[in-house]
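Structure first, then comments.
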Amino acid sequence: MAASREGLYHRTVRPILSLTLLGALAALPGHAGATPPNLVQGEPQREAQREAPAATRAAPAMAAQRLAERLRRLGEDGLDPRAYAIPPAALAEADPAAFQAATLRAAVLALTDLLHGRVRDLPGRADLRRDTAAIPLGPWLAELSTAPDPATVLDRAALLPAGAAALKSALAAARARVAAGGFPTVPGSGAETLEPGMADPVRVPALRARLAATDRILAAAPGVGDVYDETLVAVLRRFQAEEGLEADGRVGRLTLAALNRPAEALVRQLRVALDMRRAAAPPPAERHIEVNIPHQRLVVADRGRALLEMAVIVGKPARPTPTLRVRLAAVQFNPPWGVPERNAREDLLPRFRRDPRAMMEKGFRVYGFAEGQRVEIDPTTIDWRGVNPERFPYLIRQDAGEANALGRIKFIIPNSEDIFMHDTPDRHLFRRPDRAFSSGCIRLEKPMELLDIALEGVGGWDRPRVSRVLESRATSSMSVARSIPVRLHYTTVTVEDGQLRIRPDIYGLDEAYARALDAPRNRVAAEAPRAQLAAGGR
């Protein structure tokens with residue numbers, strides 16, 4: 001990717017630089033008599049420029065200096081100015097032609113990154129897709145060469161992605177916070193929850209200082225004292241709601257982690273959010289399903305209108321939900337669960353050790369092999385404490401039923417990761433704001449509503465028939481009339497009506513993207529996120 005950008009410059013820009021880009025800077029409208037500097041001709045051309053009237057050269061020189069200054073402010077766009085070889089200001093006096101040439105080279109590369117994104121793709125990120133053809137570089141490069149003030153071209157390119165203005169404003173505020181020393185920290189490990197009404201001479205003042213750093217109401221009247229009073233509780237609840245946490249006013253492990261998240265991490269998330277939006281491919285024109293993994297939300301949309309929204313449960317950090325672009329192809333009723341080996345040894349083995357009979361009552365069956373044949377084994381006859389989890393010798397299957405981990409409905413989205421969307425008997429988990437509990441698959445808050453959409457156009461299917469099929473407890477499957485595009489994407493920062501919603505980088509994919517964003521140009525695509533774990537199971 002990086003090599004192709006350098007190639008773009010040498011194939012399309014450098015051959016015409018003296019005739020178009022540099023010539024335009026030296027011969028802006030109203031200065032037709034100016035002599036363009038030329039990279040190829042070298043010193044003779046610079047000598048000709050020095051002999052041109054000073055008034056003719058002044059405007060292009062000033063425009064070039066403004067352009068260089070704008071390039072030095074690429075940090076406000078989430079890019080690193082050091083990546084663009086911006087010439088020092090002193091060169092403008094020592095060698096104006098060389099300064100203009102170097103400035104334009106930097107501007108071409110920066111403009112390309114502002115329009116098409118600096119990180120074009122990353123291994124393991126199926127959700128990242130650019131539509132660079134929708135934003136052709138040619139017209140932008142031509143405008144860069146003819147604009148009286150080329151810096152304004154970069155300004156417009158930087159604001160082109162949806163939500164860029166709000167993201168840039170938040171990035172400026174986050175950078176200012178970093179420059180001011182970051183956020184005050186709240187001591188503790190989260191093991192001992194700070195409850196409303198408690199007195200704590202260490203944590204309460206620290207909490208007040210931390211919240212005052214981001215809450216204008218509290219900053220105006222921060223108060224004093226060691227008691228975690230109602231005023232401070234109300235402020236914390238606002239903070240928790242903004243962070244997507246349970247707004248209970250209690251400072252436990254998750255809330256403490258959110259309070260102590262470094263300001264630098266927020267800067268990186270916002271930089272990533274800006275770059276991800278550049279030339280991002282639009283959603284399908286047809287009806288489609290979007291699952292935002294960090295926000296743990298599913299949306300069914302059609303022509304920009306949301307038909308259905310729901311909370312979902314996604315993979316825990318140790319078993320992340322992979323990013324995917326797939327299609328919903330079929331539905332299975334009353335699915336059994338063939339337990340993946342990892343789930344069996346890490347999740348179910350401890351439960352079998354505690355009470356194998358209770359596992360039988362939940363529909364779990366255990367199989368072993370004898371003389372090459374699979375045979376069912378009574379779980380109560382197995383010495384589960386003697387089973388080595390590193391060499392788990394059994395196959396485990398859970399029968400269909402109300403206790404089945406997949407619930408009553410499974411939505412099949414064929415993929416190599418064995419990921420699917422499904423119902424769940426653990427309905428209470430949807431009330432929790434942090435829902436990264438699964439082994440990679442997507443658990444649905446409203447499976448019946450999604451089923452209604454999936455079965456549209458399938459003759460003879462309605463809610464009464466679905467109810468009869470489910471009540472039969474027999475496993476059956478059917479294809480949908482028209483497959484539906486599904487995208488599982490990892491977007492920690494969203495912009496809704498100009499307001500930012502930021503969720504934690506639960507899998508570290510933003511950090512991996514940020515490393516690629518800051519990598520040298522010939523290694524921008526080399527920083528890939530760690531290969532995601534195979535995430536079968538529930």
Sole candidate of L298, I313, V291 that passes side-chain contact (heavy atoms from CB on, under 4.5 Å) when paired with L444:
L298
For the pair D155 and R70, find out whether any cationic side-chain nitrogen is under 4.0 Å from an anionic carboxylate oxygen.
yes
Could you check whether any side-chain heavy atom of V108 comes within less than 4.5 Å of a side-chain heavy atom of L141, counting everything from C-beta outward?
yes
Would a 4.5 Å heavy-atom cut-off, applied to side chains only, mark M310 and L450 as touching?
yes
From L79 CG over to L74 CG, what is the distance, rounded to the nearest 0.5 angstrom?
5.5 Å
Under a 4.5 Å cut-off applied to non-hydrogen side-chain atoms, are T494 and L500 in contact?
no
Partner residues of D80 under the side chain to side chain donor-acceptor pair (under 3.5 Å) criterion, sequence neighbours left out:
R82
Among residues two or more places apart or on two chains, list those pairs meeting salt bridge (charged side-chain N to carboxylate O under 4.0 Å, His left out) that have a residue in residues 230-245.
D215-R238, E243-R261
Pair D505, Q269: side-chain N/O donor-acceptor within cut-off below 3.5 Å
no
Pair V326, L488 - check side-chain contact (heavy atoms from CB on, under 4.5 Å), show working.
CA-CA 8 Å; V326 289; L488 310 186; 5.5 Å; no
I need the full list of salt bridge (charged side-chain N to carboxylate O under 4.0 Å, His left out) pairs touching residues 269-287, with sequence neighbours left out, sorted by first then second residue.
R130-D275, R271-D518, D275-R278, E286-R327, R287-D302, R287-E456
SB check R66 E69 (cutoff 4.0 Å)
no
Going by an N to O cut-off under 4.0 Å, is there a salt bridge joining D434 and R432?
no
